[in-house]
Amino acid sequence: MPSHHRRFTKNKKMNNYTDSIPGFKELITGTVLLPGDTGYNESRAIWNGMFDKKPALIARCLNAVDVSRAVVFAREHQLQIAVKGGGHNSAGNAVNDGGMMIDLSLMQNVEVDPASLTAKVEGGCLLGAVDEATQAHGLAVSAGIVSHTGVGGLTLGGGFGWISRKYGLTIDNLLSVDMVTADGSLVHASAKENQDLFWAVRGGGGNFGIVTTFEFQAADIGTELYTGPVVKRFEDAGEYMRFHQEYVRDMPEEMTIWMVLRHAPPLPFIPEEYHGKLVVLVPFVWLGNPDEGEKLIQPIRDFGETIGDGSGVKPWTAWQSAFDGLVMHGARNYWKSHHLKALSDECIDVITSFAANLPHEESEVFIPHMEGAPSRIDPLSTAFPHRNTPFVLNLHTRWLQVADDERCMRWAREFHEATRPFSQGVYVNFLSEEGGDRVREAYTEEVWDRLVEVKKRWDPENIFRMNQNIPPD
Ligand SMILES: Cc1cc2nc3c(=O)[nH]c(=O)nc-3n(C[C@H](O)[C@H](O)[C@H](O)COP(=O)(O)OP(=O)(O)OC[C@H]3O[C@@H](n4cnc5c(N)ncnc54)[C@H](O)[C@@H]3O)c2cc1C
């Protein structure tokens, strides 16, 4: 047991946690927040406005030792632990009612080593901070597409974004982690050390401990890239999707082209008469010479009618926050997702008919194209086995009023059910609260069994269970 625990366990006899709080406050360098304290409400707030949970106490940690002491305190007082990285997960697992929330959001340091193209990122960082620090050297870590998403949850579930077709998933670029495990120990895991743990944290979520530092391989992508959305008419969505699904699969891995069905935001390159109307956005990123990228995008512009074109060479950090405004904190969200076997004609028909009835102007249907470098990696080498997926179907169901909950959630459930025949598994980070059987669908049986073995070894009492849980038995 690490030495800092010994001091703490002297207090073990105090069963009532409230009596122990003054001692706990002295033990950690961060802050302990109780209901009513300044900052308590800000800290417990998460991205999905559907959740309003109130932890008994919040440990806002500043370093790994704080995290360890918080874990030990929670165990001793039988407080359920919730861990907040970026607080972005739509399932709302970063916060609990009546337990201890371990808030990592003050742990935001990023250290880049341009010589080895690596970055050490603290567990509470947001993606924007990683982009900012790595871009100072023209580098980037393959990760997600919204700058206010947390690195913690995103990485532990897998992580993908605009450059993963070329450079792999976020976990494929993970070199090591520093973690606090269920007994409060500080543990390093990599391909050489604690290999079972390192395997499990690459896809198995927060089930095995709290990651205080991630070490990533970065890629040299430069600071400006040819990116953009081309905008098509929604009336042509079915026909366009039939073309799109073939065209994007033929693209070199330097080109990533996705598709979004939504109401047009009031962007300058979209004619005013389309603002607020259903459209098809075709955002893309090209890792190469802009002239070559332009040629590859031209057939998309030429297919049917193009009603708007926002393409151009942009700073990478600007592109990485281009979607932020469409998914701000606080709205009500019920996200559902599938990996798709293919965008077959029948699947396209179902998608376009549900998309024609999006339940709110903030809701959208998001269809990333996945295959590339991630698909070449052995599906058993990490705990992210569903790697041979051409497309993901994400139902980003968002709305603002409680009164719309039932209507919007029903739309998502019915859409999700109707597309189930075309699905093959799911990405664990896109699950809502959908029950244990559904969590298993994020894994294959072989990977699940192995995750359970690792869980038994590192967290046999299921201390870390506010997550898409992998129970030890
Ligand atoms: C708007 C939006 C955009 C998104 N875009 C992408 C995308 O482009 N690509 C992609 O792959 N995913 C994307 N996601 C999904 C995203 O990966 C998950 O929501 C992820 O869980 C967010 O991580 P977080 O740290 O912000 O979340 P949190 O809610 O803080 O945490 C999620 C889970 O991870 C655990 N956790 C968080 N940090 C740690 C840590 N350091 N150690 C141990 N456990 C931890 C938490 O306990 C919780 O169970 C997006 C989500 C949203 C809402």
Side-chain angles (χ1 to χ4, degrees), residues 43-51 53 61 64 67 71 80-96 99 101-105 107-108 121-128 142-164 169-171 177-182 200-201 203-214 256 258 283 320-321 323-331 333-335 337 362 364 366 368 370 374 384 392 394 396-398 427-433 439 459 463-470:
S43 173
R44 74 181 177 87
I46 57 170
W47 173 83
N48 188 350
M50 295 280 273
F51 296 96
K53 296 186 206 163
C61 298
V67 173
V71 168
Q80 190 200 52
I81 294 173
V83 179
K84 181 181 179 187
H88 235 253
N89 199 280
S90 58
N93 285 324
V95 59
N96 58 17
M101 173 169 156
I102 299 182
D103 178 2
L104 305 177
S105 61
M107 294 174 61
Q108 284 275 347
V121 176
E122 280 194 313
C125 262
L126 303 184
L127 297 187
S142 171
I145 68 156
V146 168
S147 78
H148 46 77
T149 311
V151 174
L154 177 132
T155 305
L156 294 166
F160 73 95
W162 296 115
I163 62 170
S164 32
L169 302 175
T170 311
I171 49 170
V177 285
D178 290 317
M179 297 180 67
V180 173
T181 52
V201 297
N207 274 284
F208 308 94
I210 302 176
V211 176
T212 51
T213 304
F214 296 91
T256 297
W258 292 4
Q320 282 287 79
S321 51
F323 285 82
D324 288 9
L326 299 178
V327 283
M328 293 306 285
H329 289 73
N333 284 272
Y334 183 64
W335 289 22
S337 181
E362 293 218 3
E364 61 187 14
F366 216 90
M370 290 284 286
F384 188 103
V392 175
N394 272 352
H396 293 173
T397 323
R398 281 170 68 79
Y427 172 28
V428 72
N429 274 347
F430 291 155
L431 289 174
S432 289
E433 278 178 309
V439 179
D459 184 17
I463 295 300
F464 301 115
R465 61 181 178 280
M466 275 301 291
N467 43 40
Q468 301 296 351
N469 197 229
I470 300 165

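One-based numbering, in listed order, for ligands and for the atoms of each. Note that this is a predicted model, so its numbers are computed, not measured. Counting from 1, the numbers follow the sequence of the chain as shown.
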T212: partners by side chain to side chain contact (heavy atoms under 4.5 Å, CB included), with sequence neighbours left out: A64, V67, M107, D178, V180
T155 (side chain) donor-acceptor with T170 (main chain) under 3.5 angstrom: no
Value rounded to 0.5 Å, distance of CD in E362 from CG in L326: 8.0 Å
Sorted by chain and number, the residues that approach ligand 1 to under 4.0 Å with a heavy atom: W47, V83, K84, G85, G86, G87, H88, N89, N93, A94, L104, G123, G144, I145, V146, T149, G150, G152, G153, L154, L156, G159, F160, G206, G209, I210, V211, V327, W335, Y427, N429, F430, M466, N467
S90-N333 side chain donor-acceptor pair, cut-off 3.5 Å: no
Under the ring pair (Phe, Tyr, Trp, His ring centres under 6.0 Å) test, residues paired with F464 that sit two or more places apart: none
Residues forming a ring pair (Phe, Tyr, Trp, His ring centres under 6.0 Å) with Y334, sequence neighbours excluded: none
